[in-house]
Amino acid sequence: METLKQRVAEAAAEALGIALEEARSALEPPRDPRMGDLALPCFALAKRLGRNPAEIAAAAAARMRCAPPLASVRAAGPYLNFAFVPGAVADAVIGRVLAEGQAFGTSRAGAGQTVVIDFSSPNIAKPFGIHHLRSTVIGAAIGRILRARGHDVVGINHLGDWGTQFGQLIVAFRRWGDEERLAAGKIPYLLELYVRFNAEKKEQPALQDEARAAFRALELGDPQARALWRRFREVSEAEFRRIYDLLGVRFEHFTGESFYEEHMPAVVAELERQGLLVESEDATIVDLGADGLGVSIIKKADDSTLYMTRDLAAAIYRFETFRFSRALYVVGAAQTLHFKQMFRVLELLGRPFAKHMAHVPFGLLRFRDAKMSTREGRVIYLEEVLERAVELARSKIREKNPGLEDADRVARAVGIGAVVFNDLKNRRIKDVTFDWDEILAFEGDTGPYLQYAHARIASVFRKAARQPAALLGPFRFALLDSQVERDLTRAVSLYLEAVARAAAEHEPSIISQHLLDLAAVLNRFYIECRILGVDPDLSEARLALVRAAQITLRNGLALLGLEAPDEM
RNA sequence: GCGCCCGUAGCUCAACCGGACAGAGCAUCGGAUUUCUAAUCCGAGGGUUGCAGGUUCGAGUCCUGCCGGGCGUACCA
């Protein structure tokens, strides 16, 4: 495809009298594929020459020699549209996809660059709720996308395992807790204690002081407090790992905030040494008023730390450990100010790597009845959502494909795929409203829709009793000149661009949207074109085409964290 | 109050550096299955892109103001 584009750029540059590079960068795939394979808008040139863009396009079209692989050059208003001879695009793309297989879509663009991604990061002792899905799934997808671009990716789960809330839990457990019930009830039991604490706090405000004191003791290393805290952490981690297994999410580092505890004093001392610390209202702060960022609290009035202190220590630690060229924080948009403050404080500390850190925000999860407060114990467990989705997938399989071997595995892939894709489908900054019907949908723009398109192609190969690997060519791609066939070829070739953009923008939805488009064309093709039982050359060419589309779908789904079963 | 984000069809959303008639899914209605899985496909209706200005050859996209919603705004994360 690149060489085809190069050929057009050369011809266009000559006809228009512009630089080759200019022509190259101006060439774009037309929005409507019926306009051709490439288009060159003449607006910029028209402006420079002070002439009408449509005239320029018309004149250039008349002047251009049109030799294969170029089939036609047409001026359409201010656009110069190019179409290749039938099969030219397929020749350039399909063979490559078949040869590269699961490497199709990967590159070495980011080779030698380490990217650390902080994502998921749930709080221990609390349920892994549906609201943790976003950071987990978006962060994991960005990690896989960057890895596909050749980056060294370090995924870090920055567990919320430190802070006043553990003081609360320690107090609650001492007052009302029971080890046996903890062993049996796990996180829901811890949640129960947490909820009770928050309820009783309303009657006895002194409890909050007690909790603060308990956290203070924890920070000072009180053995009893430590032991309880360790217990909470164990219980939580075991449950989190189970969820990550279901989602297929892996971390290179599974270290919570507490890990940075010992690194905090040095950071505070350095802030002090550089004269950045100010006492204010009994707390210790960095004043960022000059930057319009308010104040950043480093230590509370009682000298205990906050998450800012820990995040600063973590950032420095991560740079010193990984020498990252980029550090990403996949954290909700509500924390934008926190990260702006943090990056600024690091700059003030004279850490140049601050410029290579970025907050990758995403929109809030909201609920229709707006009463999903963890403090009140109203939570939707992610595991429950996943289980329901898998159960629904299982019943669909019973209905549509009763003989399916491996139905359990497929039900898991499809059910979980539906939930995961639902969160990656739209631009991450959009808020999402939790809706059972939507998250459990298997039709329309959904994960199962993509998986279905993939499975249909696998089914064709089964029917033909052909091993995809035995598809050797040469192929007569010139036979693939209907509109759907060209559209499908185009959708496959545009995948590369989608991955590149998704990586650059840290935006998995660009891939999601492209795959939806690809699957839609593929399904349309499937209805309109017979693959088997037609002229042998045509059949081979179509097999190659759908195989390429299938590989592309599978690779894209893998980047998003979805499996692509061969049958469903 | 101030700051940031969002506002596109009844609902949920697309629309790459501003560019060719703003596209999908859901829902509604009507159709397609002796042929490779109907978790699919085809068709129909449905839009003053929140409002008002501005910049530009050209604005859903950029700028200003306003309206609506959300989040944040000192000892939670």
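Model, not experiment: these values are computed from the prediction. Note that these values count all heavy atoms, side chains included, but never hydrogens, waters or copies made by symmetry. Order of the sequence lines fixes the chain letters, A, B, ..., with proteins taken first and strands second; residue numbering starts at 1 for each chain.
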Problem set entry | B:G43 pairs with, by Watson-Crick or G-U criteria that keep both distances under 3.5 Å | B:C29

Exercise. Which is true for A:Arg427 with a 4.0 Å heavy-atom rule: it touches a base, it touches only sugar-phosphate, or it touches nothing?
Worked result: sugar-phosphate

Problem set entry | Nearest-Å distance once atom C1' is located in both B:G7 and B:C66 | 14 Å

For this session: Taking only the side-chain nitrogens and oxygens of A:Arg456, find out if one of them lies under 4.0 Å from OP1 or OP2 of B:A38.
Result: yes

Exercise. Is the closest side-chain donor-acceptor distance between A:Thr164 and A:Lys300 under 3.5 Å?
Worked result: yes

For this session: Using a strict 4.0 Å threshold on nitrogen-to-oxygen distance, state whether A:Glu497 and A:Arg501 make a salt bridge.
Result: no

For this session: State yes or no: are the ring centers of A:Trp162 and A:Phe215 separated by less than 6.0 Å?
Result: yes

For this session: Compare the minimum distances between each of B:C13, B:U35, B:U40 and the side chain of A:Arg530, then state the nucleotide with the smallest one.
Result: B:U35

Exercise. Which part of the nucleic acid, if any, lies within contact of A:Ile429, taking any heavy atom under 4.0 Å across all strands shown: a base, the sugar-phosphate backbone alone, or nothing?
Worked result: sugar-phosphate

Problem set entry | Quiz item: A:Tyr307 side-chain donor-acceptor pair to B:A77 base, under 3.5 Å | yes

Problem set entry | Sugar-phosphate, base or nothing in reach of A:Gly294, heavy atoms under 4.0 Å | nothing

Exercise. Would you say the side chain of A:Asn401 and the base of B:A39 hold a donor-acceptor pair, judged only by whether the two atoms sit under 3.5 Å apart?
Worked result: no

For this session: Considering only atom C1', compute the distance from B:C71 to B:G54 and round it to an integer number of Å.
Result: 30 Å

Exercise. How would you label the contact of A:Glu443 with the nucleic acid (heavy atoms, under 4.0 Å): base, sugar-phosphate, or nothing?
Worked result: sugar-phosphate

Problem set entry | Integer angstrom distance from the C1' of B:C13 to that of B:U49 | 13 Å

Exercise. Given that A:Met308 and A:Ala39 both sit by RNA chain B, which one's nearest nucleotide is further toward the 5' end?
Worked result: A:Ala39

Problem set entry | Those residues that, when tested against A:Tyr329, pass ring-ring contact (aromatic ring centres under 6.0 Å, His included) (two or more places apart) | A:Phe339

Exercise. Counting only side-chain N and O atoms of A:Thr164, is one of them less than 4.0 Å from OP1 or OP2 of B:C76?
Worked result: yes

Problem set entry | Integer angstrom distance from the C1' of B:U61 to that of B:A14 | 13 Å

For this session: Using only heavy-atom distances, decide whether a donor-acceptor pair under 3.5 angstrom links the side-chain of A:Ser280 to the base of B:A74.
Result: yes

Seminar exercise, completed: The glycosidic conformation of B:C5, counting syn as within 90° of 0 and anti otherwise, is anti

Exercise. Under 4.0 Å: is that the gap between some side-chain N or O of A:Lys340 and OP1 or OP2 of B:G72?
Worked result: no

For this session: Taking atom P in both B:G10 and B:C67, compute the distance separating them and give it to the nearest angstrom.
Result: 25 Å

Problem set entry | Pairing partner of B:G7 (Watson-Crick or G-U wobble, both distances under 3.5 Å) | B:C67

For this session: Establish, from distance only, whether the side-chain atoms of A:Asp302 and A:Ser304 form a donor-acceptor pair under 3.5 Å.
Result: yes

Exercise. Taking a pair as Watson-Crick or G-U wobble with both distances under 3.5 Å, which nucleotide is matched to B:A14?
Worked result: none

Exercise. Near RNA chain B, under 4.0 Å by heavy atom, which residues of residues 513-529 of chain A?
Worked result: A:Gln513, A:Asn523, A:Arg524, A:Tyr526, A:Ile527, A:Cys529

Exercise. In whole Å, what separates the P atom of B:C41 from that of B:A59?
Worked result: 35 Å

Exercise. Hey, is A:Arg490 close enough to A:Asp487 for a salt bridge, meaning N to O under 4.0 Å?
Worked result: no

For this session: Using Watson-Crick or G-U wobble geometry with both distances below 3.5 Å, tell me the partner of B:C21, or none.
Result: none

Problem set entry | Option from A:Arg398, A:Arg412, A:Lys396 for which salt bridge (charged side-chain N to carboxylate O under 4.0 Å, His left out) with A:Glu391 holds | A:Arg398

For this session: State whether A:Arg34 and A:Asp32 are salt-bridged, where the test is any N-O pair (Lys NZ or Arg NE/NH1/NH2 against Asp/Glu carboxylate O) under 4.0 Å.
Result: yes

Exercise. Reading nucleotides 55-64 of chain B 5' to 3', which nucleotides get B (base under 4.0 Å from a protein heavy atom), which S (sugar-phosphate only), which -?
Worked result: ----------

Problem set entry | Short side-chain N/O contact from A:Lys300 to OP1 or OP2 of B:C76, under 4.0 Å | yes

Problem set entry | Euclidean distance, A:Asp311 CG relative to A:His158 NE2, rounded to 0.5 Å | 4.5 Å

Exercise. Checking side chain to side chain contact (heavy atoms under 4.5 Å, CB included) against A:Leu40, which of A:Leu16, A:Asn81, A:Val73 comes through?
Worked result: A:Leu16

For this session: Look through every strand shown and name the nucleotide pairing with B:G72 as Watson-Crick or G-U wobble, where both distances are under 3.5 Å.
Result: B:C2

Exercise. Would one find a side-chain N or O of A:Arg310 under 4.0 angstrom from OP1 or OP2 of B:A77?
Worked result: yes

Exercise. Looking across every strand, which nucleic acid part, if any, lies under 4.0 Å from A:Ala301 by heavy atom: base, sugar-phosphate, or nothing?
Worked result: base

Exercise. Can you tell me how far CD1 of A:Ile297 sits from CG of A:Leu306, rounded to the nearest 0.5 angstrom?
Worked result: 6.0 Å

For this session: Quick one: label A:Ile531 by what it contacts on the DNA or RNA (base, sugar-phosphate, nothing), any heavy atom closer than 4.0 Å.
Result: base

Problem set entry | A:Asp566 with A:Arg554: basic N within carboxylate O range, under 4.0 Å | yes

Problem set entry | B:C41 phosphate, OP1 or OP2, under 4.0 Å from A:Tyr449 side-chain N/O | yes

Problem set entry | Opposite nucleotide pairing with B:U55, Watson-Crick or G-U, both atom distances under 3.5 Å | none

For this session: Please report, rounded to the nearest Å, how far the C1' atom of B:A38 is from the NZ atom of A:Lys400.
Result: 7 Å

Exercise. Expressed in whole Å, how much space separates the P atoms belonging to B:G72 and B:C29?
Worked result: 42 Å

Problem set entry | OP1 or OP2 of B:A24 under 4.0 Å from side-chain N/O of A:Lys425 | no

For this session: From the options B:A24, B:C17, B:C36, select the nucleotide whose nearest atom is closest to the side chain of A:Glu28.
Result: B:C17

Problem set entry | Toward the 5' end of RNA chain B, by each residue's nearest nucleotide, A:Ser304 or A:Arg366 | A:Arg366

Exercise. Is A:Arg466 paired with A:Glu540 through a side-chain N to carboxylate O contact shorter than 4.0 Å?
Worked result: yes

Exercise. When the P atoms of B:A27 and B:A22 are considered, how many whole Å apart are they?
Worked result: 25 Å

Exercise. Across the strands shown, which category fits A:Ala441 at heavy-atom distances under 4.0 angstrom: base, sugar-phosphate, nothing?
Worked result: nothing

